[in-house]
2 protein chains.
Amino acid sequence: MVNAGKPLPGRSGRPRAGEERLSRHAILEAALRIVDTEGLEAMTMRRLASTLGVNPMSIYHHLPNKAAVFAGLAELVFAQLESTPPDDSVPWKDELKTAAAAYRDALRAHPNLALQILSDTSAVSDVVVVVVEPFYRSLDRAGADPRQIVEAVNTIIDFIHGFSLGEASVRAETFDLAPDLLARVSALPPGKAPTLVRVVTELGAEGLAYDFDTGFATGIALLVDGIATRFAL
Amino acid sequence: MVNAGKPLPGRSGRPRAGEERLSRHAILEAALRIVDTEGLEAMTMRRLASTLGVNPMSIYHHLPNKAAVFAGLAELVFAQLESTPPDDSVPWKDELKTAAAAYRDALRAHPNLALQILSDTSAVSDVVVVVVEPFYRSLDRAGADPRQIVEAVNTIIDFIHGFSLGEASVRAETFDLAPDLLARVSALPPGKAPTLVRVVTELGAEGLAYDFDTGFATGIALLVDGIATRFAL
DNA sequence: ACCTGAACACCGTTCAAGT
DNA sequence: ACCTGAACACCGTTCAAGT
């Protein structure tokens with residue numbers, strides 16, 4: 001399948017009006033499809049051009065370079081984050097949890113891309129500013145002061161990033177690591193990590209079956225309780 | 001400086017006993033130096049060979065491929081994590097905070113590598129198992145049950161990963177984003193993020209000057225308080 | 001303006017050959 | 001066993017040329 005989407009012959013030069021084959025948006029859509037189906041490293045400029053049926057260089061008339069393509073993809077992903085409308089009837093803790101879940105969902109929708117997004121500051125910072133409003137709103141409503149709001153939101157966002165990183169990595173893997181973990185822990189040199197070994201064996205294989213959804217809910221709940229306790233909200 | 005470290009001529013074939021130029025360890029040390037000083041993408045097999053004064057292919061006799069080099073680097077970094085000895089005289093909350101700080105420090109020591117480590121599951125999972133013992137110990141001492149311990153530790157680790165990702169990214173950047181943030185927020189369309197705008201302007205430029213150390217301490221404190229509250233420890 | 005072809009300066013890795 | 005040279009199948013991007 002190396003030559004799939006090879007450029008059509010006999011169609012070089014500027015296309016006639018209304019038959020442009022390329023646009024920033026079309027390029028980004030194609031790029032996202034490659035990333036989703038074949039992974040990050042499959043998304044090369046040459047491969048992208050090939051699926052668009054176009055010369056590799058044509059892309060550079062719409063996006064300055066490969067980094068810009070990835071930045072554009074990050075934009076696309078965050079744009080899909082549905083903004084929760086303000087609703088003062090729901091308790092602030094629930095509003096916070098809803099915002100957290102929405103943010104996680106946006107990152108989870110494209111696991112192969114999450115990795116790239118989270119490690120590319122320039123891609124994130126432009127959009128994260130807007131994404132963050134519902135977090136600010138609920139904490140403001142809870143009565144936290146500006147300093148506390150910033151600290152709490154930063155912490156929640158960091159947790160979501162770390163969680164999503166783990167979630168995306170496992171999604172990208174082929175093998176199942178739940179029983180793997182049990183095996184690896186059992187194989188540890190005896191004195192090395194006694195508490196870990198005891199806890200893991202006490203839980204057993206079925207107790208270790210990790211569920212990302214409840215893992216996320218628990219993490220957020222711990223954080224929200226911590227915020228309420230520490231800031232007396 | 002393209003040809004720095006070009007292979008010495010007239011020295012091909014197997015070296016005589018005791019004059020091996022290469023070893024897994026020497027290769028990894030050189031690789032780490034490249035990553036630290038010039039960044040992740042500067043670390044190519046050819047560049048690595050060149051700084052070692054060796055043919056690119058020689059490396060493959062000690063490490064199977066580039067991924068193995070990065071996995072080896074992750075190993076190196078985690079190996080530098082000093083293990084805190086058990087100390088039951090200190091409160092469990094403090095022991096937890098110490099473990100968190102040590103883990104963060106290990107990731108922070110090589111910011112360019114942190115990104116790679118955190119996004120490479122296979123690199124982490126082998127070592128993180130051991131790293132995690134002090135967290136388990138302190139929570140066990142606090143009286144948490146196995147289920148609670150696992151949930152709490154996962155949450156703390158995820159937070160540290162997300163925090164370190166942000167810290168490493170900013171370190172890798174050249175520009176200062178504190179005043180940048182203020183400018184960007186002010187430029188936002190009026191109705192878009194009212195709470196964010198109000199909080200940020202109330203804090204002002206000096207209030208926003210972000211300090212990673214206190215940011216980390218606050219995050220961990222929130223988490224620890226949440227654990228204590230939710231699990232009634 | 002938009003697209004192309006050829007070229008430049010790189011990659012990681014295989015394979016057969018040297019000592 | 002360990003190292004090398006040449007080669008393969010790729011990269012991202014520049015630049016001059018086409019329409």
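Numbers restart at 1 for each chain; the letters A, B, ... are given by sequence-line order, proteins then strands.
- For the pair A/Tyr60 OH and C/dA7 P, the computed distance is 19 Å after rounding to whole Å.
- Atom CG of B/Leu52 is separated from atom P of D/dT4 by 11 Å (rounded to the nearest Å).
- If you check C/dC3, D/dG12, D/dT4 against the side chain of B/Val54, the one that comes closest is D/dT4.
- Only the C1' atoms considered, C/dC2 is 15 Å distant from D/dA16, to the nearest whole Å.
- Searching all strands for a Watson-Crick or G-U wobble partner of D/dT14 with both distances below 3.5 Å returns C/dA6.
- Here D/dC11 presents its P atom at 14 Å from CG of A/Asn55, a figure rounded to the nearest Å.
- The interatomic distance linking A/Ile59 (CD1) with D/dT13 (C1') rounds to 12 Å, in whole Å.
- D/dA1 is paired with C/dT19 under the criterion used here, namely a Watson-Crick or G-U wobble arrangement in which both key atom distances are under 3.5 Å.
- B/Leu40 places its CG atom 15 Å from the P atom of C/dC11, with the value rounded to the nearest Å.
- Residue B/Leu63 contributes atom CG, which lies 13 Å from atom P of D/dC2 at whole-angstrom precision.
- Between the C1' atom of D/dC2 and the CZ atom of B/Arg24 lies a distance of 18 Å, rounded to the nearest Å.
- In this structure, B/Tyr103 and B/Phe78 have parallel ring planes: the angle between them is below the 30° cut-off, well short of the 60° mark.
- Note on B/His62: every side-chain N or O is 4.0 Å or more away from OP1 and OP2 of D/dA1.
- In terms of position on DNA chain D, the residue among A/Met57 and A/His61 whose nearest nucleotide sits closer to the 5' end is A/Met57.
- Between B/Ser58 and D/dC2 there is no side-chain N or O to OP1 or OP2 distance below 4.0 Å.
- Remark: B/Arg47 engages B/Glu38 in a salt bridge, criterion side-chain N to carboxylate O under 4.0 Å.
- Comparing C/dA9 with D/dA9, their C1' atoms are spaced 16 Å from each other, to the whole Å.
- A donor-acceptor contact shorter than 3.5 Å is absent between the side chain of A/Ser50 and the backbone of A/Arg46.
- Annotation: A/Phe159 is not in aromatic contact with B/Phe159 [ring centroid separation under 6.0 Å not met].
- Summarising the geometry, the separation between CG on A/Leu48 and P on D/dC10 is reported as 17 Å, rounded to the nearest angstrom.
- Here A/His62 contributes atom NE2 and A/Ile27 contributes atom CD1; the two are 5.0 Å apart, rounded to the nearest 0.5 Å.
- With C/dG12, C/dT4, D/dT13 as the choices, the nucleotide that has an atom nearest any side-chain atom of A/Arg46 turns out to be D/dT13.
- For A/Thr44, a side-chain nitrogen or oxygen approaches OP1 or OP2 of D/dC11 to under 4.0 Å.
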